[in-house]
Number of protein chains: 2
Amino acid sequence: MRGRRIRIKDLADRLSLSTSTVSRALAGHSDVSAETRQLVNQLADELNYYPDPIAVNLKQRKSNVIGLIVPNIDNRFFAKALTGIQQVVSQHAYNIITSQSNESLEIEKKNVEVMMANRVDGLIVSLARETINAQHFNKILNTDTPIVFFDRVNEGLDTSKVVIDDYEASYKAVKHLIDEGCRRIAHIAGPPNLFNSRKRLEGYKDAIRDHDLYLDKRLIIFASNYQQDAKPYTKSLLSLNSPPDGIFALNDRSAIQIMYYIKQEGLKIPQDIAIVGFNNNELSQYFDPPLSSVESPAEELGQSAAELLFKHIENENLPPSSKVIKSNLIVRDSSLRSKYL
Amino acid sequence: MRGRRIRIKDLADRLSLSTSTVSRALAGHSDVSAETRQLVNQLADELNYYPDPIAVNLKQRKSNVIGLIVPNIDNRFFAKALTGIQQVVSQHAYNIITSQSNESLEIEKKNVEVMMANRVDGLIVSLARETINAQHFNKILNTDTPIVFFDRVNEGLDTSKVVIDDYEASYKAVKHLIDEGCRRIAHIAGPPNLFNSRKRLEGYKDAIRDHDLYLDKRLIIFASNYQQDAKPYTKSLLSLNSPPDGIFALNDRSAIQIMYYIKQEGLKIPQDIAIVGFNNNELSQYFDPPLSSVESPAEELGQSAAELLFKHIENENLPPSSKVIKSNLIVRDSSLRSKYL
DNA sequence: CAAAATCCCGGGATCGTTCCCGGGAACGAT
DNA sequence: ATCGTTCCCGGGAACGATCCCGGGATTTTG
């Protein structure tokens, strides 16, 4: 199958040189005559020679592969992050192997095992929803393999992290709803074990309090199951004695489902209820009304995570650091109550 | 960094055995005493020994990695396909390296180079829009590395393929529009160099002709640029002397944009114009009206492609084959004119 | 002109694993 | 007692590239 592959030895035989000389010539070392180097490079070109990465990796004792573990690659946010990571990684002539935890702690643990077994030189991770205790990453850290977490991070581990400004983004989104005249704002929150869910919740709470609004715990919904439809909690929010007049959701999918069910009830958006989502899905602008959303720069997040990881790979003793990337509130009609006054 | 890794030699030294014996014991060969095997396995467990995949790969002369080249991973269809591929690949204890052509022929060529340089054991590919001539894959085929194409295929190469029933899907979708009373149906077509674009166009044409409708070439739009917004061609369709009363689009994103601009013009969907999309985006059901769409089983497509690839990897002489996977028309309100009669 | 420095290159070890080959011990059969 | 089997196991050569070491040939230096 790969019997016909050209090795350094083949070049050496044809030129009546030793493999060492050919190797040095290809590597551009100085202790080989310009003439010989020329011959070698020419033949290598001609025969379309590539060094076997596996042999190189064995010799160098590294895999030139980094691992990526994300909850779901068919989540556009993570797909974009992967794109950002790939840009950086390909510049370093590394490869990525990707795996999905499917939001499951068990699968995440298995993924970590696979990554370890594959001797990745570094790992980029965004945690599963279920992951409260992230100690299974310590096995990897103990082998001095660097890990960079992004977006879904956990405070229990002393590693580098890249996150967006969840607190500020959330605060800004809620403040925007308040500025548009909302007084009872609901928050569809993420699982509280995730750092960014908590930060967003804090931002929500602080914005409410800073503007002297009543912080009603019945307006805070923890969407327990990721795949769950928004119908139940939308209904229950609407059936409150004093239902919300604004909703800030953890992602656009929820926000869009909520809009759908609100419209089914005959209520108007944003006049009756204003909505802001998160992550700015590419289709969000085409809804009726177009959905306001916090745009989180997923690609940039991925790039930063990868860049940070390579710094760790290149310098073993680099202390962990955290990077925060600014998000951007995109205001569309779903939250523009002032437009209809 | 990985100096502390345990090798087979470490096990051998501790047990005063040779590396060969340890290797055979771990591999479960019969020619080693049950007692020794027991000791070896126990110590391996204890020291948390994993064989180094790089060394194994070098020895076995394969990488245990397959390559995936897709146009865009943040296209949900391809993300789902990747998920399907991963399921199969992980069962074979293989890994995937993923790359994106970004619909560019040049990048696709580079991706192929990278895959070759990385000695992938097989390749799964969905072609870029720009790719008319796919001869750059011949370099890989010449090394006897199997390739399976899926969805975006090309007839010029004698390899295995997995596609959906584009012709039938298209025919069914258009027939559905006709059944709902549409008489002037437009088709937003994909680039004609892609096999499935042509098949869909054929299905469209045949459905029109079989039902004695006039095949108006002005109703066939080739969306030249993938990223292009639907606004220009939607406007031009609407400004025809006799504008369409039904539109069958190449994907949901186009369909949704079209709906958006049609509604902006004050026209009603489906009463004035009925719409059917393709690929059934997860958000399509939440639009107003909910979008009818052809659901293409991306995950299954990925699985089949991977399974087929492994058959080729395991059997070098397996002749190329093609598999067709059935899609499914999901009818929602955007095309249900009969409901409003 | 001899000694030293310089320039190129080959030999061989190395990375960690697998696998072929062959050797020694135990055992039963002749 | 000798021979042929069977059963375990060790030695050593791969896999392909890199790199240290040292040696011969040429050039420079005193």
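Taking atom CD1 on A:Ile54 and atom P on C:dT18, their separation rounds to 14 Å, with Å as the unit. Between the CG atom of B:Asn64 and the P atom of D:dC15 there is a distance of 19 Å, given to the nearest Å. Atoms CZ (B:Arg61) and C1' (D:dA17) sit 14 Å apart, rounded to a whole Å. In this structure, the CD atom of A:Gln60 is 12 Å from the C1' atom of D:dG16, given to the nearest Å. Rounded to an integer number of Å, the gap from CG of B:Asp31 to P of D:dC8 is 8 Å. Taking atom CG of B:Asp52 as the reference point, atom P of D:dC15 lies 19 Å away to the nearest angstrom. If you measure from atom NE2 of B:His29 to atom P of C:dC20, you get 9 Å, rounded to the nearest angstrom. Taking atom NZ on B:Lys9 and atom C1' on C:dT14, their separation rounds to 13 Å, with Å as the unit.
Using a 4.0 Å heavy-atom cutoff across all strands shown, A:Leu58 reaches at least one base atom of the nucleic acid.
The pair A:Lys323-A:Glu300 does not count as a salt bridge, with every side-chain nitrogen at least 4.0 angstrom from each carboxylate oxygen. Salt bridge annotation for A:Glu130-A:Lys109: absent, with no cationic side-chain nitrogen under 4.0 angstrom from a carboxylate oxygen.
For the ring-ring contact (aromatic ring centres under 6.0 Å, His included) condition, the pairs that include at least one residue of residues 93-120 of chain A, sequence neighbours left out, are A:Tyr94-A:Phe310. Applying the ring-ring contact (aromatic ring centres under 6.0 Å, His included) definition to pairs two or more places apart or across chains, those involving residues 108-162 of chain B are B:Phe137-B:Phe149. Residue pairs meeting the ring-ring contact (aromatic ring centres under 6.0 Å, His included) criterion with at least one member in residues 11-39 of chain A: none, sequence neighbours excluded.
Applying the 4.0 Å criterion to OP1 and OP2 of C:dT17, one finds that B:Arg7 has every side-chain N and O outside that range. The shortest distance between the side-chain N/O atoms of A:Tyr49 and the OP1/OP2 oxygens of D:dG16 is not below 4.0 Å. Listed pair A:Ser33 / C:dC9 meets the phosphate criterion, a side-chain N or O lying under 4.0 Å from OP1 or OP2.
For A:Ser23, the side-chain contact (heavy atoms from CB on, under 4.5 Å) test picks out A:Ile8, with sequence neighbours left out. Take B:Asp13 and apply the side-chain contact (heavy atoms from CB on, under 4.5 Å) test, not counting sequence neighbours, and it matches B:Lys9. In this view, A:Ser18 and A:Ser20, A:Thr21 satisfy the side-chain contact (heavy atoms from CB on, under 4.5 Å) rule, not counting sequence neighbours.
For D:dA14, the base has a donor-acceptor partner in the side chain of B:Lys59 [N/O atoms by modelled type, under 3.5 angstrom].
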Can you give the donor-acceptor pairs under 3.5 Å from side chains of residues 39-51 of chain A to other protein atoms, not counting sequence neighbours?
| residue | atom | partner | partner atom | Å |
| --- | --- | --- | --- | --- |
| A:Asn41 | ND2 | A:Arg37 | O | 3.1 |
| A:Tyr50 | OH | B:Glu113 | OE1 | 2.4 |

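Residues from residues 13-28 of chain B placing a heavy atom under 4.0 Å of any atom in DNA chain D, listed by number, are B:Ser16, B:Leu17, B:Ser18, B:Ser20, B:Thr21, B:Arg24.
Secondary-structure annotation of DNA chain C gives the stems C:4-30 with D:1-27, with a stem taken as at least 3 successive Watson-Crick or G-U pairs whose two distances both fall under 3.5 Å.
Checked against D:dT18, D:dG16, C:dT18, the side chain of A:Ala55 finds its nearest nucleotide in D:dG16.
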